[in-house]
Each structure stands twice: as structure tokens, then as C-alpha cells.
**Q** 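Quick one: the structure is below, questions incoming.
In what follows, chains are A, B, ... by sequence order, proteins preceding strands, each numbered from 1. In this text, all values refer to a predicted model and were calculated from it rather than measured experimentally.
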2 protein chains.
Amino acid sequence: MTNRGWVTLPRPMPHHGKIPRPTAKRLSLYLRELESRIGQGETTISSKQLGQALGLTDAQVRKDLAFFGQFGHPGIGYPIGELIARLRSILGTDREWHAVVVGAGNIGRALLAYGRFQRKGFRIVAVFDDNPRVIGSDLAGHTVLAMSALPALVRQQDVKIGIVAVPAEAAQAVADQLIAAGVPGILNFAPKRLDVKNAVSVVSVDFSVALEQLAFQVSLGFTGSLDEE
Amino acid sequence: MTNRGWVTLPRPMPHHGKIPRPTAKRLSLYLRELESRIGQGETTISSKQLGQALGLTDAQVRKDLAFFGQFGHPGIGYPIGELIARLRSILGTDREWHAVVVGAGNIGRALLAYGRFQRKGFRIVAVFDDNPRVIGSDLAGHTVLAMSALPALVRQQDVKIGIVAVPAEAAQAVADQLIAAGVPGILNFAPKRLDVKNAVSVVSVDFSVALEQLAFQVSLGFTGSLDEE
DNA sequence: CTTTGTGAAATTATTCACAGCA
DNA sequence: TGCTGTGAATAATTTCACAAAG
């Protein structure tokens, strides 16, 4: 059974053992909004302001932030800079993560061109494919490598993230190879659930699912946003 | 306040007024698994099998499916074909949806090349951009149009989905133009919450958020999947 | 014996509401 | 006054567990 509901924080985090899953998902959203505001020169923010920007209640914001320390100031709000530093440290984006892309097709190509990865601390260090016609070709500055080169590269470059950008039929096999090579995190773009036997972390991004959710809402005439929860 | 928690089904759906939001999100996953199985020649499936494939309990699957009719057979399971037809009808993917892409950059390009959209019943009928240097150029068979042409095209082609594939700074303005043009659904790829004043439906896909979730889990040593709920 | 459909119970998440600080 | 932090209350969701059906 997949671990659900709670996420355990490592020891060095002061007296905050567990974070509910929905909270964990909102952390990125808080960070995004805070980064945008500090860029505008703002230095503090209240739970109400932050909630408003994200479509959440102020109480929700406070509860979420309370999970990892209390450094809001009554009557003032939260110091944006500190909050950003803390969120980055919790989310792990204060470190640099080496990633590999498997699959030199459309999605792989788009990911390599997508500058935002670098800015968030993720560095794509290699691209793999198992199609002999693609291996050796150049993709946005990377020579496409054969899958057989994966384990050595993962070891040498300390790769932590494997991005699965292959068709659904090949996705499970690729995931198995990534796991075998020792990659602890998988970002899955294939429209297929990956069975990772609880050995690694997986997050999936599926356009078709997103599109279906949207079609569903539109056909119901439902209005509002289904993305911030 | 954004509508949350319930989604109201239209009249012709027999005695099933409301579906909880988490259920609505799982519908796409059920459909995907069922389509894969019918392709293998299977004709029925039990809640236990379906749950196992998706990392859910059998009770959860049964509760979800019970929301839109009861056509499982005790001792047998659910007829896959019927279930697929019903899910497609509920999700709206038994119709064809016309979509436009706004933003002729990397993401826009990748979406046009991504064949899966067509297969799911979504047809991209036009691509827009506001950069004069891009307008008029060809993108995967589409001549990139100026934003000023949006309202007329939306009307003529009965466009139901607008795909926002522009940088965060431009996203809100693009959303406003789509809403003004009468597009009822927005798929947002910009890393920014869109304020749509409850006028339309929005679903967001954010790579950075996904990556941060993954980094978070990996740094916690959390294993398992955070995508099927 | 298997599997559905579903109330009832348990769990999880959100909102309320207010004491206390700036 | 404005705002945080947090128990208590409420609401939403999942799981249990079992009667009824194939």
C-alpha cells in the first residue's frame, strides 16, 4: 500500500514531524507567490493577502505555515524573505538537483528548451533514448545517449531525478531501469501509472488527464479553478 | 469564493446530482486504465482489479463508480465497454472540442506536436501570439495569428478551450482576452494562478510545482506515488 | 465463493473563533 | 487595530464491513 496522508520531515526540522499531504502540495504555490512579491520589493505579507492571491482562506495559510515553525508576527504578518528561505529549504530547492531525461521526442525536447528548470535548481545532465536512429544525435546541446550508459552516468553525476518522457508502452520499463540505476525520484510524463513498488518517489504530469478535467468542468458549466488544492 | 467540493451534474444524468471533487479527478484515471484493458480484449473488471492498477482500494473504486449509476454485477464485476462509454460521456470526451493555443513558444510547439490531444477529441484549430515577429510564421501547419483575430475565430469555430502557453507575466492578460472572447475553459501552463472571477473553468499544469513536489519527497526519503489522488 | 452497493465509522482536512501579542 | 497561532467544531473523504446478488 502506498504511503498516504502524511509525509515525515527529517530530524533537523525543529519539532515538526509530519505534514499533511494537501499542505505539502500548497507549499510550492506559496513559494511561487512569495518569490513574485519579493521581486516587487514587498517585505512582509499577511496570511490573508497570501490566501487571497492563491484562492485559500487565511486560516488555511496560517495552519499550513505553522507546520514548520512559527515566525509570523502578530499585527505584522510573515517576513517574506525568511519564509522563502524556509520553504526552499523544506522543498529542497536550495540545493542543485541533477536530472536526466529519458525520451528524445517532443516532450523531451520541450523540457530541454524550458529554461525554468534551471532557475529552480534542476540541471538536466543527460538525455537518453533507446532508438538507435536517435542515439548520438544532438538535442539542445546534449548528445543523446543509449540506455546502457544510464547506470554509470547516474553514479558519476549523482543523478537524483529521472524524467520519463517516453510513450506509455515504454514507461514502466524505463522506470524500472531508472530505479535499477539508483535514481530516487521520477517525474513521469507518460499517461500511465508507474508501479515503483515503493522504492522511489514518483510525481506524474499528464496532459490528457488535465484536459479531461477541463472538458468535464466545461460540460458541466462549472466555473472556478480546480488547480489550487 | 471559488466553488469547491462539489460538482453538479446536468439534468439528463439519472439521479446523480453531485460528485465529490476527488472522485471527479479519478474518473480520468479509471478511463485510462479501462481503455488500456479493453485493448487487451478484457471485457469485465472488478473494483479490486481496477483499484490495484491505480493504487486505490476496492471500496474507493466502488464508491466512485456508484456516483453515476449502478451497473456493476455482483460476483462478476463491471462491464468495461459500458463503463468506458459512460465515463467518456461524463467527462465530455465523446464530443469534439475545439481549442486554441496562445503562445507560439516551446510549450505551444510541443503541444502542437503532441498527437495525444487529437486522439482524445481535442482539436487545436488555431495558434495565437502577440509578438509581431512570430505572427504570420508557420507552426506545425498553423499560421500564427495575431491576438486581435481571437474573438472572431472563437465565434466562427466555436472554440471551447484556450490553452495558455505564455510566460507568467503575460498569462493573466491572455486569460482575460480568452474570457472576453467567450472561451469557457482554460488550460493554463503558465506558473501563475489565473484570476478568472468564476467566469470560466481553469485547470493548471505547472512543471515547476511538480518538480518541487518531487524534490520535496526525494529529500524526505518519501517513497511512493503522489499522483493518483 | 466472488463481488457489488452502501450505511456507519473512522480518518483527514478545513474553517471557525478567539486569546494574546505588536 | 491588525494579525498570528491554535484548540474546537465542522465538513469532506475514505475505509470498514456486511447484506444481497450472481
**Q** If only side-chain N and O atoms of A:R26 are considered, is one of them under 4.0 Å from the OP1 or OP2 phosphate oxygen of C:dT14?
**A**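 For A:R26, the contact criterion (side-chain N or O under 4.0 Å from OP1 or OP2 of C:dT14) is met.
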**Q** Distance check needed: D:dA12 C1' versus B:I19 CD1, whole Å only.
**A**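 One finds 16 Å between C1' of D:dA12 and CD1 of B:I19, rounded.
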**Q** Could you list the residues that satisfy side-chain contact (heavy atoms from CB on, under 4.5 Å) with A:D206, not counting sequence neighbours?
**A**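 If we apply the side-chain contact (heavy atoms from CB on, under 4.5 Å) test to A:D206, skipping adjacent residues, the hits are A:P191, A:S208, A:V209, B:R32.
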**Q** Between side-chain atoms of residues 167-183 of chain B and protein atoms elsewhere (two or more places apart, or another chain), which donor-acceptor pairs fall under 3.5 Å?
**A**
{"unit_1": "B:Q172", "atom_1": "OE1", "unit_2": "B:D195", "atom_2": "N", "d": "2.9"}
{"unit_1": "B:Q172", "atom_1": "NE2", "unit_2": "B:D176", "atom_2": "OD1", "d": "3.0"}
{"unit_1": "B:Q172", "atom_1": "NE2", "unit_2": "B:D195", "atom_2": "O", "d": "3.0"}
{"unit_1": "B:Q177", "atom_1": "NE2", "unit_2": "B:A173", "atom_2": "O", "d": "3.3"}

**Q** Using a cutoff of under 3.5 Å, can you pull out all pairs of nitrogen or oxygen atoms linking the protein to nucleotides 4-6 of chain D, with atom names and distances?
**A**
{"unit_1": "D:dT4", "atom_1": "OP1", "unit_2": "A:S47", "atom_2": "N", "d": "2.8"}
{"unit_1": "D:dT4", "atom_1": "OP2", "unit_2": "A:S47", "atom_2": "OG", "d": "2.6"}
{"unit_1": "D:dG5", "atom_1": "OP1", "unit_2": "A:F71", "atom_2": "N", "d": "3.4"}
{"unit_1": "D:dG5", "atom_1": "OP1", "unit_2": "A:G72", "atom_2": "N", "d": "3.0"}
{"unit_1": "D:dG5", "atom_1": "OP2", "unit_2": "A:Y78", "atom_2": "OH", "d": "2.7"}
{"unit_1": "D:dG5", "atom_1": "N7", "unit_2": "A:R62", "atom_2": "NE", "d": "2.7"}
{"unit_1": "D:dG5", "atom_1": "O6", "unit_2": "A:R62", "atom_2": "NH2", "d": "2.9"}
{"unit_1": "D:dT6", "atom_1": "OP1", "unit_2": "A:Q70", "atom_2": "OE1", "d": "3.4"}

**Q** To the nearest Å, give me how far apart NZ (A:K25) and P (C:dT14) are.
**A**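 So the NZ-P distance, A:K25 to C:dT14, works out to 11 Å.
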**Q** For the pair made of CG in A:L56 and P in C:dA13, what is the distance, rounded to whole Å?
**A**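 A:L56 atom CG is separated from C:dA13 atom P by 15 Å.
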**Q** Taking only side-chain nitrogens and oxygens of A:Q60, does any of them come within less than 4.0 Å of OP1 or OP2 of C:dA13?
**A**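 No.
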**Q** Quick one: list whatever passes side chain to side chain donor-acceptor pair (under 3.5 Å) with A:E96, sequence neighbours left out.
**A**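 A:E96 satisfies side chain to side chain donor-acceptor pair (under 3.5 Å) with A:H98, A:R123 only.
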**Q** Separation of B:Q49 atom CD from C:dT2 atom P, in whole Å?
**A**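 Distance, rounded to whole Å: 13 Å.
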**Q** Quickly work out the B:L83 CG to C:dG5 P distance and round it to whole Å.
**A**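 Atom CG in B:L83 sits about 10 Å away from atom P in C:dG5.
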**Q** Got a sec, which residues hit side-chain contact (heavy atoms from CB on, under 4.5 Å) with B:D58, two or more places apart in sequence or on another chain?
**A**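 side-chain contact (heavy atoms from CB on, under 4.5 Å) list for B:D58, sorted by chain: B:S47, B:K48, B:R62.
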**Q** Do A:L187 and A:V205 have side chains that get closer than 4.5 Å, going by heavy atoms?
**A**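 Yes, side chains in contact.
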**Q** The criterion is salt bridge (charged side-chain N to carboxylate O under 4.0 Å, His left out); which residues satisfy it with B:K120, sequence neighbours excluded?
**A**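 Checked B:K120 against salt bridge (charged side-chain N to carboxylate O under 4.0 Å, His left out); matches are A:E212, B:E35.
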